[in-house]
Amino acid sequence: MKPFTYERASSVEAAVKAAASVQGARFIAGGTNLLDLMKLQIETPAHLIDVNHLGLDRIEPTQEGGLRIGALVRNTDLAADQRVRRDYAVLSRALVAGASGQLRNKATTGGNLLQRTRCPYFYDTRMPCNKRRPGSGCGAMQGMSRSLAIVGVSDACIAQNPSDMAVALRLLDAQVETMAPGGAKRTIAIADFHRLPGDTPQVDNALQPGEMILSVTLPKPIAGTHVYRKVRDRASYAFALVSVAAVFGQDGQARFAFGGVAPKPWRVAGADAAASQGAKAVADAALAGARTTSHNDFKKALLSQTLASLYRQQEARA
């Protein structure tokens, strides 16, 4: 780990000002991903700004009938909140499916959105990785790619987004509220927050340098049966091979978002439109244009089978 300086911010305004004044500064809260990356020298921030004491740890109702979730709300607290469990059950279930209980106790809402890919070539500094070192190549293209993305990828990168929480937020059409170093605030739709790799895989999201997440807002609750199904290699502390966040409504209508298959939480209108046609039609729409390798081609069948299991579950409830 390389040397760095540290300060504890006294306000949001002070935090973003500090981020703008020191090149290479990073915000830190739970640190469950950032500290690991620093130990491996994948991330080498010159300055850490501790934002844990800024009062962004509340869950509050909005005037529109939704919820505003502070960026520092811990994953455990968010999953256990009675309003979230009652009205946004898919989010609670996605959070509980992520990481371990110890990590959820530290991980924050904002940090969860900002966590970086778990692609093994990103973590191995001996290997080429355009996300870690732009222009060096992508070792995963010809290497072990079993866990990696099959839609939304590019010739530069096939890394997957690791977040369970973000998949549920994408299903719910959440919005991310931020503050820039100059004090200006803006709202970013969750659909636009995470970026596809294209020619710039090193850019994970829509934040500008020094911009800080303040909160995530949820719209009014979506009626229907909320489900989150995560398929992984072991029952705990493992990232999704595929995951499905869904709300099943009446008359065969449903909406879906997917994890483990793309560089960002994946949601396409065609999958929702195909809901009444069954699991295979939904999977085909979701994975239209998929680019697979010999190692991860199985994800197409796995997603279809996972959806079929959810459909059978809904039929049993009817």
Side-chain angles (χ1 to χ4, degrees), residues 29-30 32 55-113 115 161-177 190 193 213-232 235-240 242-250 253-260 265 267 272 275 306-307 309-314 316-318:
T32 57
L56 301 176
D57 57 353
R58 293 185 289 272
I59 304 172
E60 303 169 315
T62 66
Q63 293 182 349
E64 296 75 22
L67 286 180
R68 175 169 286 105
I69 303 161
L72 297 177
V73 173
R74 306 292 163 168
N75 285 178
T76 294
D77 296 331
L78 182 57
D81 185 270
Q82 289 300 314
R83 294 162 294 185
V84 175
R85 293 180 65 187
R86 181 188 66 231
D87 298 329
Y88 305 96
V90 64
L91 176 57
S92 181
R93 291 169 181 168
L95 285 162
V96 171
S100 65
Q102 294 92 332
L103 285 172
R104 292 195 298 270
N105 288 342
K106 292 292 292 182
T108 62
T109 300
N112 193 310
L113 286 175
Q115 64 180 306
N161 183 285
S163 176
D164 293 290
M165 183 193 78
V167 178
L169 292 178
R170 179 66 186 91
L171 179 76
L172 297 169
D173 290 331
Q175 295 186 317
V176 182
E177 298 175 333
I190 192 70
F193 184 80
I213 297 175
L214 302 180
S215 60
V216 174
T217 60
L218 302 178
K220 290 181 179 180
I222 303 170
T225 302
H226 289 218
V227 296
Y228 187 76
R229 181 68 57 83
K230 179 178 182 178
V231 182
R232 46 189 164 175
S236 179
Y237 199 53
F239 297 96
V242 303
S243 66
V244 180
V247 176
F248 288 91
Q250 297 179 344
Q253 299 302 305
R255 57 195 295 166
F256 303 94
F258 306 93
R267 184 159 183 241
D272 293 359
T306 302
L307 282 161
S309 175
L310 293 180
Y311 269 79
R312 288 193 297 269
Q313 185 179 64
Q314 298 312 305
R317 288 174 175 167

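Start at 1 with the first residue, then count along the sequence.
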Notebook entry, point to check: Taking side chain as C-beta onward, heavy atoms only, is L218 less than 4.5 Å from D87?
Noted result: no
Next item on the list: Look up atom OH in Y228 and atom CE in M165, then write down how far apart they are to the nearest 0.5 Å.
Entry: 11.0 Å
Note to self: So, using side chain to side chain donor-acceptor pair (under 3.5 Å) as the criterion, who are the partners of S215 when residues are at least two apart?
What the structure shows: E177
Check: What closest approach, in Å, do A174 and V216 show between heavy atoms, and which atom pair accounts for it?
Finding: CB-CG1, 3.8 Å
Next item on the list: Under the salt bridge (Lys or Arg N to Asp or Glu O under 4.0 Å) rule, collect the residues that match up with D81, sequence neighbours excluded.
Entry: R83
Check: What heavy-atom pair brings V90 and A168 nearest, and what distance separates the two atoms?
Finding: O-CB, 3.8 Å
Margin query: Can you tell me how far apart CD (Q175) and CZ (R68) are? Round to the nearest 0.5 Å.
Written below: 9.5 Å
Notebook entry, point to check: Considering residues at least two apart in sequence or located in another chain, which fulfil the side chain to side chain contact (heavy atoms under 4.5 Å, CB included) criterion with T108?
Noted result: A29, L72, R74
Check: In Å and rounded to the nearest 0.5 Å, what is the OG1 to CG distance from T217 to L67?
Finding: 9.5 Å
Notebook entry, point to check: Of the non-hydrogen atoms in S163 and N112, which two are nearest, and what is the gap between them?
Noted result: OG-OD1, 2.6 Å
Check: Can you list the residues that meet the side chain to side chain contact (heavy atoms under 4.5 Å, CB included) rule with R255, with sequence neighbours excluded?
Finding: L171, D173, I222, V247, R267, D272
Notebook entry, point to check: Nearest heavy-atom pair of A94 and D164: which atoms, and what distance?
Noted result: O-CB, 3.3 Å
Item checked: Where G260 and S243 come nearest, the two heavy atoms and their spacing -> N-OG, 4.5 Å
Next item on the list: Could you tell me whether the side chain of I69 reaches within less than 4.5 Å of the side chain of L91, counting heavy atoms only?
Entry: yes
Margin query: So, taking the atom named CZ in R104 and the one named OG1 in T76, what distance separates them when rounded to the nearest 0.5 Å?
Written below: 5.5 Å
Check: Side-chain contact, heavy-atom cut-off 4.5 Å: L307 with F258?
Finding: yes
Next item on the list: Determine whether Q313 and T225 make a side-chain contact, defined as any pair of heavy atoms from C-beta on separated by less than 4.5 Å.
Entry: no
Notebook entry, point to check: For the atom pair CG (L310) and CZ (R229), what is the distance rounded to the nearest 0.5 Å?
Noted result: 4.5 Å
Notebook entry, point to check: Among all residues two or more places apart in sequence or in another chain, which pass the side chain to side chain donor-acceptor pair (under 3.5 Å) test with T109?
Noted result: none
Notebook entry, point to check: Backbone N or O of G259 within a donor-acceptor pair of the K230 side chain at under 3.5 Å?
Noted result: no
Item checked: Listed partners of F248 passing ring-ring contact (aromatic ring centres under 6.0 Å, His included), at least two apart -> F256, Y311
Next item on the list: Applying side chain to side chain contact (heavy atoms under 4.5 Å, CB included), run through L95 and V84 and close with a yes or a no.
Entry: CA-CA 11 Å; L95 285 162; V84 175; 5.5 Å; no
Checklist line | Side-chain donor or acceptor of S92 paired with backbone N/O of R85 under 3.5 Å | finding: no
Next item on the list: Taking R170 for its side chain and I190 for its backbone only, find out whether a donor-acceptor pair lies under 3.5 Å.
Entry: no
Next item on the list: To the nearest 0.5 angstrom, please state how far the OH atom of Y88 sits from the CZ atom of R93.
Entry: 15.5 Å
